[in-house]
Number of protein chains: 2
Amino acid sequence: MPEFTPDFLAAQLRAASVKVTRPRLRVLACLSRAASALTHGELEERLAEGEGGGLDRVTLYRVLDSLLECGLAERTLDARGVYRFLLSSIRAAHAAHAHFHCQRCGGITCLEQMVAPVATLPTGFVARQVEIEVRGLCVNCSPVGGAAR
Amino acid sequence: MPEFTPDFLAAQLRAASVKVTRPRLRVLACLSRAASALTHGELEERLAEGEGGGLDRVTLYRVLDSLLECGLAERTLDARGVYRFLLSSIRAAHAAHAHFHCQRCGGITCLEQMVAPVATLPTGFVARQVEIEVRGLCVNCSPVGGAAR
DNA sequence: GCCTGATTGCAACAGGGTTGCATTTGCGGC
DNA sequence: GCCGCAAATGCAACCCTGTTGCAATCAGGC
Ligand SMILES: [Mn+2]
Ligand SMILES: [Mn+2]
Ligand SMILES: [Zn+2]
Ligand SMILES: [Zn+2]
């Protein structure tokens, strides 16, 4: 878990041979502080509040594109079909275990004890990620769990 | 695996206390013939070709809604964030095993030999589905597999 | 056959994401 | 430090998937 100082982030960009710009640094900083993957809209809001003011919608999309392309960030789809962006280094920490998606409240819970199995593939296929997603109702949403409380 | 005759489909609708209408029968028939889950757009195209002509965009969405609501169909998000619809009866046949998603061509391959593990959850959580998704490059897209051919 | 609520069709809208193009800026070379 | 140029930014306009409102039509219980 790196420190995510401005200098560190700039170094990351240079290492990826991507130009160091204010928008990119601000987006990286924002993503490094985020507790979980953020949508474009959430990033836009947070950036608007921070000093330096708002970032253009399209510029934000293009900054995110550049981060995806150089491998510093990744994106996933949430249940509504909206992209959520997060730093690759943060995502890596969640790659090995399964995740629970609550079908009612949309909340996500790490299932550290459920480890991804090794993929057994037909010849010629190459696996890069194995993702286990468990769907159902979380404690707060299941009748058993606590909704009745 | 049912026969998916028009009469059978109509019976399915009646059993679900959903009115039997031409649009609904046509959509069900289309889904029952599909090799895999279809997007709204794909359904629209196929229906436009079949006899009876095109179906209104919105009507198609609402027909699909009614099929979701009564449990005859289900939908998932594809990698682009677009909904794909399929008959629940067809989906059930794929619930037990993992699927491979090619990151280049978008193709999906059944991994029948990879079986979903039993979910081990914190107390209060209720699992309804466990999905294993393997991502990477398929035979045709991996350098090893056949792109060089 | 009639009646009524459900379904259809059309138009207009919403939100996320993309494209085109002129202006500005990072940064390698001098 | 200054130049030059490709890359990045900002703004406007656009596209695509999915939704909402509303009047006209239809399925199916009576
Ligand atoms: Mn996790
Ligand atoms: Mn399958
Ligand atoms: Zn929940
Ligand atoms: Zn492929």
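Just so you know, these numbers use all the heavy atoms, side chains as well, and skip hydrogens, waters and symmetry mates. In what follows, chains carry the letters A, B, and so on, assigned in the order in which the sequence lines appear, proteins first and then strands, with residues in each chain numbered from 1.
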In whole angstroms, the gap separating P of dG28(D) from CG of Leu13(B) amounts to 9 Å
Assert: residue with more 5' nearest nucleotide on DNA chain D, out of Phe85(B) and Val20(B), is Phe85(B)
Between the side chains of Arg91(B) and Glu131(B), is the shortest nitrogen-to-carboxylate-oxygen separation below 4.0 Å, so that they form an ion pair?
yes
Would you mind telling me which of dA11(C), dC27(C), dG17(C) lies closest to the side-chain atoms of Arg57(A)?
dG17(C)
Length of the CG-P vector between Leu60(B) and dG9(C), whole Å
10 Å
Candidate nucleotides dT9(D), dG17(C), dA12(D), ranked by approach to the side chain of Val58(A) - the nearest:
dA12(D)
Mind calculating the distance between CZ (Arg22(A)) and C1' (dC27(C)) to the nearest angstrom?
18 Å
By nearest-nucleotide position on DNA chain D, the 5'-leaning member of Arg75(B) and Val18(B) is Arg75(B)
How close or far is atom C1' of dT7(C) from atom CD of Glu69(B), stated in whole angstroms?
13 Å
Is it true that the side chains of His99(A) and His97(A) contain a donor and an acceptor less than 3.5 Å apart?
yes
What integer distance in Å separates Leu25(B):CG from dA27(D):P?
11 Å
If I take atom CZ in residue Arg26(A) and atom P in nucleotide dT9(D), what distance separates them, rounded to the nearest angstrom?
12 Å
Is any side-chain nitrogen or oxygen of Thr59(A) closer than 4.0 Å to OP1 or OP2 of dG10(D)?
yes
Looking only at dA6(D), dT9(D), dT7(C), the nucleotide nearest the Lys19(A) side chain is dA6(D)
Tell me whether Glu44(A) is salt-bridged to Arg57(A), with the criterion being a basic N under 4.0 Å from an acidic carboxylate O.
no
Show the nearest heavy-atom pair for residues Val118(B) and Met114(A), with the distance to one decimal.
O-CE, 4.0 Å
Candidate nucleotides dA8(D), dT8(C), dG18(D), ranked by approach to the side chain of Val63(B) - the nearest
dT8(C)
Atom pair distance, as rounded to whole Å: CG in Asp56(A) and P in dT24(C):
15 Å
Short side-chain N/O contact from Ser66(B) to OP1 or OP2 of dT7(C), under 4.0 Å
no
Would you mind checking if Glu49(B) and Arg26(B) are paired as a salt bridge, meaning a charged N to carboxylate O distance below 4.0 Å?
no
Phosphate contact (dT17(D) OP1 or OP2) by Thr39(B) side-chain N/O below 4.0 Å
no
Using only heavy-atom distances, decide whether a donor-acceptor pair under 3.5 angstrom links the side-chain of Arg62(B) to the base of dG9(C).
yes
Side-chain N,O (Tyr61(A)) to OP1/OP2 (dT18(C)) below 4.0 Å:
no
dA8(D), OP1 or OP2 - any side-chain N/O from Arg24(A) closer than 4.0 Å?
yes
Rounded to the Å, how far apart are Leu55(A) CG and dT25(C) P?
14 Å
